[in-house]
Protein chains: 2
Amino acid sequence: MKLEEEDCSKAMLSIKDALEAVEGTWKLLILYSLCSGPKRFTELAREVTGITDKTLSKELKLLQANKLIKREVYDASPPAVEYTITKHGRSLNKVLFELWSWGRAHRKEVIGK
Amino acid sequence: MKLEEEDCSKAMLSIKDALEAVEGTWKLLILYSLCSGPKRFTELAREVTGITDKTLSKELKLLQANKLIKREVYDASPPAVEYTITKHGRSLNKVLFELWSWGRAHRKEVIGK
DNA sequence: AATGCTACTTCCCATTTGGATAGTGCTATC
DNA sequence: GATAGCACTATCCAAATGGGAAGTAGCATT
C-alpha cells in the first residue's frame with residue numbers, strides 16, 4: 001500500500017503513533033543502549049548519561065507500553081530487573097535510517113555545511 | 001554510507017535534527033496543507049482545524065527556520081503573505097513513508113488489530 | 001548495629017507550553 | 001462613519017513537563 005492511497009487523517013494517525021514512540025531526548029538513547037544486550041535499571045542509569053532515575057523510570061514504562069522493550073523480574077535479593085529490546089523495537093531501524101539520512105541532508109541544507 | 005558506520009553520538013544528532021523538524025501536533029498538518037499549493041495565513045488557519053493564530057504563527061516561523069517552507073510578502077493592501085512548501089520540505093516524503101508504515105505495524109502490534 | 005544495594009516513588013519547585021481573548025495598523029467596502 | 005479583512009502580536013492564565021533531592025523495603029555485608 002502506498003501512503004497516498006490512505007486518506008490523510010488516517011495516515012496522520014499512523015505517523016503520530018510512530019513519532020510518539022521515538023520522540024523525546026531519551027527513548028532512542030535507551031533503545032541504543034539495549035541494542036548491545038539486556039540491562040538492569042542501574043546499568044541503564046549509568047550508561048544513558050544525564051538521565052535522572054525519575055525520567056528513566058517514566059521512559060521505560062512508555063517503551064514497555066509500546067512493546068519496544070520487555071521487563072523481566074528475577075526473584076532475588078537485592079531485586080533484579082532486566083530490560084530487553086524486543087523484535088518490534090528492533091524493527092524501528094528502517095525508520096531510524098530514514099530519519100538519520102534526511103537529518104544529515106537537513107543539517108547541510110540548514111546549517112549550510 | 002550506512003548508519004552503523006557513523007559513530008553513535010553523531011548519528012543521534014542527525015536523528016534529533018530530523019525529529020525536531022517534524023515533531024509536534026502541527027508541523028506535518030501545515031506541510032500537508034501546503035502540498036496542495038501555496039496558502040495565506042488565514043487560509044492555513046482555516047484549513048488546519050483546531051490551531052490557534054498564535055500557534056500557527058510560531059510553527060510557521062519554525063518551519064521557515066528549517067527551510068521547509070518559504071514566506072513571500074506581496075506589496076498590497078490588505079497585506080498579502082504567501083507560504084509555499086520548499087523542495088527540501090518535499091524531500092521529507094521518504095521519512096514520512098517509513099514513519100507511516102512502521103506506525104501502521106506498530107498500531108497492529110500494540111493495540112492488537 | 002550500621003551501612004549499602006536495588007529499583008524505583010514521592011515531593012517540591014521552576015520553567016515551558018498551550019489556549020483564550022483581545023488588540024494593532026492599514027485599507028476597502030457598505 | 002462603521003464594519004470587515006489581513007497578518008499577526010500581546011497578555012493572561014492554567015496545565016504539563018522536568019530536575020533535584022530524598023525516601024522506601026528488604027536483604028546482605030562489614
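Not measured: the values here are computed from a predicted model. A note on names: the letters A, B, ... follow the listed sequences, proteins ahead of strands, and every chain is numbered from 1.
Across dT6(C), dC8(C), dC6(D), the shortest atom-to-atom separation from the side chain of R40(A) is found for dT6(C). Distance from the side chain of T42(B) is smallest to dC6(D) among dT6(C), dC6(D), dC8(C).
Judged by distance alone, the side chains of S91(A) and W102(B) do bring a donor and an acceptor atom under 3.5 Å apart. There is a side-chain donor-acceptor pair under 3.5 Å between S36(B) and K39(B).
Rounded to an integer number of Å, the gap from CG of L44(B) to P of dA7(D) is 10 Å. Rounded to an integer number of Å, the gap from E82(B) CD to dA7(D) C1' is 14 Å. Put simply, CZ on F41(B) is 16 Å from P on dG5(D), counting in whole angstrom units. Rounded to whole Å, atom C1' of dC26(C) lies 12 Å from atom CG of D75(B). Atom NZ in K61(A) sits roughly 14 Å away from atom P in dA7(C) (whole-Å rounding). The interatomic distance linking E47(A) (CD) with dA7(C) (P) rounds to 14 Å, in whole Å. Here the C1' atom of nucleotide dG5(D) and the CZ atom of R46(B) are 11 Å apart, to the nearest Å. Rounded to whole Å, atom P of dA7(D) lies 13 Å from atom CD1 of I69(B).
The phosphate of dT9(C) (OP1 or OP2) has a side-chain N or O of S57(A) nearer than 4.0 angstrom.
The closest side-chain heavy-atom distance from V81(A) to R71(A) is below 4.5 Å. Using a 4.5 Å cut-off on side-chain heavy atoms (C-beta onward), L56(A) and V48(A) make no contact.
Nucleic acid contact class of Y74(A) (heavy atoms, under 4.0 Å, all strands): none. Using a 4.0 Å heavy-atom cutoff across all strands shown, A45(B) reaches no nucleic acid atom at all.
Of all non-hydrogen atoms in K27(B) and E20(B), the two that sit nearest each other are CE-O, 3.9 Å.
Enclosure of atom NZ in K70(B) is not indicated, since only 12 or fewer non-hydrogen atoms of other residues, nucleotides or ligands lie within 6.0 angstrom.
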TODO: Would you mind building the protein contact string for nucleotides 12-30 of chain D? One character per nucleotide, 5' to 3', B for base within reach (heavy atoms under 4.0 Å), S for sugar-phosphate only, - for untouched.
DONE: ------SBB------SS--
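Using a distance-only test at 3.5 Å, with no hydrogens or angles considered, a donor-acceptor pair links the side chain of T86(B) to the main chain of L68(B).
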